[in-house]
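Just so we're clear, the structure is a prediction, and the values are computed from it rather than from any experiment.
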Amino acid sequence: MSQSPSPDRTARSLVKSLLAADGPCDEVRVQGWVRTRRDSKAFSFIEVNDGSCLKGIQVIADADLANYQSEIVHIRTGASVEVVGALVSSQGGGQAWEIQAREVIVHGNADEDFPLQKKGHTMEFLRSIAHLRPRSNLFGTVFRVRSRMAYAIHRFFQDRDFVYVHTPIITASDCEGAGEMFRVTTLKGEDFAAGNDEKDFFDKRAYLTVSGQLEGETFACALSNIYTFGPTFRAENSHTSRHASEFWMIEPEMAFCDLGGDMDLAEAMIKFLVEDALEHCAGDLEFFGRFVDKGLHERLEFVRDRAFERVSYTEAVEILQASGEKFEYPVEYGHNLQSEHERYLTEKHFKCPVTVYNYPREIKPFYMRLNDDEKTVAAMDLLVPGIGEIIGGSQREERLDLLQANLESHGLSEEDYWWYVDLRRYGTVPHAGFGLGFERLLMFVTGVANIRDVIPFPRVPGWAEF
RNA sequence: UCCUCUGUAGCUCAGCGGUAGAGCGGGUGGCUGUUAACCACUAGGUCGUUGGUUCGAAUCCAACCGGAGGAGCCA
């Protein structure tokens with residue numbers, strides 16, 4: 001069925017550009033997948049989508065086409081076709097342009113059991129056909145926005161002279177303190193059972209990274225401002241709509257920067273990304289606003305235009321205690337804020353993104369910088385409505401003696417962090433950074449409620465199909 | 001790991017002790033510049049699995065398995 005390309009063929013046009021045409025065109029060529037077909041005796045309407053945008057283009061295939069009876073009337077939803085014809089203004093309502101076909105090549109029809117229908121699928125079912133769901137309106141839209149946001153993230157940092165650093169995915173430091181890790185090993189049989197790590201591929205235990213932060217700090221202490229953007233892995237057995245075992249994280253790190261500068265960057269970044277989405281994904285966002293989250297557009301404009309709130313952890317606890325709200329878990333100074341507390345702050349009290357900073361030292365990791373009050377550390381979490389924590393960051397402890405004391409009080413061995421501690425020996429500098437969960441950002445920007453629906457092939461406990 | 005909900009046709013669901021249903025999707029035919037098209041006919045199910053209660057179980061009970069939501073942890 002397929003034809004070999006020849007130099008004089010009409011170049012392929014994207015459906016996106018045809019729909020935006022400002023005049024008719026004698027010869028155009030589209031290639032894509034059929035969304036629906038309706039036929040009569042005299043002709044058939046074929047809607048073709050190529051993923052370049054939400055909408056498809058309507059193709060008119062007259063019954064006198066050579067393969068009309070043999071192929072065209074048998075085309076089912078999901079078939080791949082190539083159409084050559086004229087772009088003409090549409091006689092029917094509903095679309096400005098359509099293609100009057102001169103040739104319809106059926107590259108591959110879809111079997112009768114093609115599972116994607118025109119209506120009524122649950123997200124759970126679509127997850128079970130992750131290889132086909134990008135052909136649905138919703139997932140095509142999600143993954144176009146994902147691509148655009150990845151690009152926007154690089155633009156945000158590159159425009160500010162941040163250097164993109166590729167931190168390792170396989171790591172041998174076994175105590176980064178950010179949750180359970182996946183083991184990487186080539187050990188077999190007895191050696192595996194006995195845990196003979198010295199015989200393993202790297203001569204020691206290795207894992208998939210849970211964060212590139214520590215390695216990122218080393219590069220910030222050389223290139224000043226850096227960022228990472230890559231996959232991270234958590235072997236936590238968590239079953240929620242906001243957690244995945246494999247996800248992408250953005251981690252900027254700035255030398256000569258304190259917590260205030262860190263919060264400034266985090267807030268500017270969220271605003272920039274929201275603004276970029278509003279500007280470059282308008283059609284896609286409108287779709288989400290209609291079918292996924294009615295208040296999406298309003299919320300995104302609000303985030304773009306309004307100042308974010310900032311409160312210290314101490315103030316946040318006071319607000320929560322004075323709220324009169326009935327929480328499942330009590331609000332107590334010295335305890336971590338629960339999900340319900342964070343949601344209350346951002347959704348009900350402030351009704352906008354909130355940065356909470358200066359947390360009690362006891363509930364935060366060893367690398368965070370001790371404040372002058374000696375009770376709190378220079379940490380911050382950026383909370384957004386609908387999701388809760390989207391960014392977590394801190395100013396890092398740059399003083400050698402305090403870092404060593406922190407390692408000890410957290411039960412960690414300085415030997416395991418020798419290179420990290422070294423940074424404090426050779427030209428130490430105040431520095432700060434944060435981690436942004438890429439998928440959580442996408443959930444926020446699209447309104448999609450489950451993290452599994454913004455990752456092409458999600459990995460969660462018990463599920464690694466595809 | 002804990003708590004709650006859920007599992008009936010390819011998909012979305014109804015049926016909730018008495019012969020297994022609808023819409024969509026598929027097939028066949030018809031009709032129409034249609035657009036989640038429409039009309040008619042038709043094929044399609046070990047009602048998650050195993051065991052129990054009952055004259056009789058999709059329906060009631062138990063265990064197990066799968067799915068979803070929430071909690072913890074975090075991004």
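- For A:H121 against B:rC11, a side-chain-to-base donor-acceptor contact under 3.5 Å is absent.
- Here A:F247 packs flat against the base of B:rA75; its ring centre is closer than 5.5 angstrom to the base's six-membered ring, tilted by less than 30 degrees.
- Across all strands, A:I390 comes closer than 4.0 Å only to sugar-phosphate atoms, never to a base (heavy-atom distances).
- Rounded to an integer number of Å, the gap from CG of A:D39 to C1' of B:rG29 is 12 Å.
- Residue side chain A:R234 reaches the base of B:rA75 through a donor-acceptor N/O pair under 3.5 Å, judged by distance alone.
- Here A:E98 lies in heavy-atom contact (under 4.0 Å) with a base.
- Under the ring pair (Phe, Tyr, Trp, His ring centres under 6.0 Å) criterion, no residue pair touches residues 53-102 of chain A, with sequence neighbours excluded.
- Between the base of B:rU12 and the side chain of A:Q117 there is no donor-acceptor pair shorter than 3.5 Å.
- Within the nucleic acid shown, A:I391 comes within 4.0 Å of sugar-phosphate atoms alone, with no base atom in reach, counting heavy atoms only.
- Distances were taken from every side-chain heavy atom of A:S40 (C-beta onward) to each of B:rC74, B:rU32, B:rG33; the shortest belongs to B:rU32.
- Judged by atom type and distance alone, A:Q91 reaches the base of B:rG33 through a side-chain donor-acceptor pair under 3.5 Å.
- Using a 4.0 Å heavy-atom criterion, one finds that A:N237 contacts the bases of the nucleic acid, with or without backbone contacts as well.
- Below the 3.5 angstrom threshold, one finds no donor paired with an acceptor across the side chain of A:E112 and the base of B:rG44.
- Checking A:E251 against A:S211 by side-chain atom types alone, a donor-acceptor pair falls below 3.5 Å.
- For the pair A:H341 NE2 and B:rA71 C1', the computed distance is 12 Å after rounding to whole Å.
- Nucleotide B:rC2 holds its P atom 17 Å from the CD atom of A:E328, rounded to whole Å.
- A donor and an acceptor atom never sit less than 3.5 Å apart when one is taken from the side chain of A:R38 and the other from the base of B:rC31.
- Rounded to a whole angstrom, the distance from the C1' atom of B:rA37 to that of B:rA43 is 23 Å.
- Residue A:Q95 is in base contact, counting any heavy-atom pair closer than 4.0 Å across all strands shown.
- The phosphate of B:rA71 (OP1 or OP2) has a side-chain N or O of A:R242 nearer than 4.0 angstrom.
- Nucleotides B:rU8 and B:rU49, compared at atom C1', are 15 Å apart to the nearest Å.
- Counting non-hydrogen atoms under 4.0 angstrom, A:T77 reaches nothing in the nucleic acid.
- Heavy atoms of A:A244 sit under 4.0 angstrom from at least one base atom.
- Within the nucleic acid shown, A:R452 comes within 4.0 Å of sugar-phosphate atoms alone, with no base atom in reach, counting heavy atoms only.
- Counting any heavy atom pair closer than 4.0 Å across all strands shown, A:G437 reaches sugar-phosphate atoms only and no base atom.
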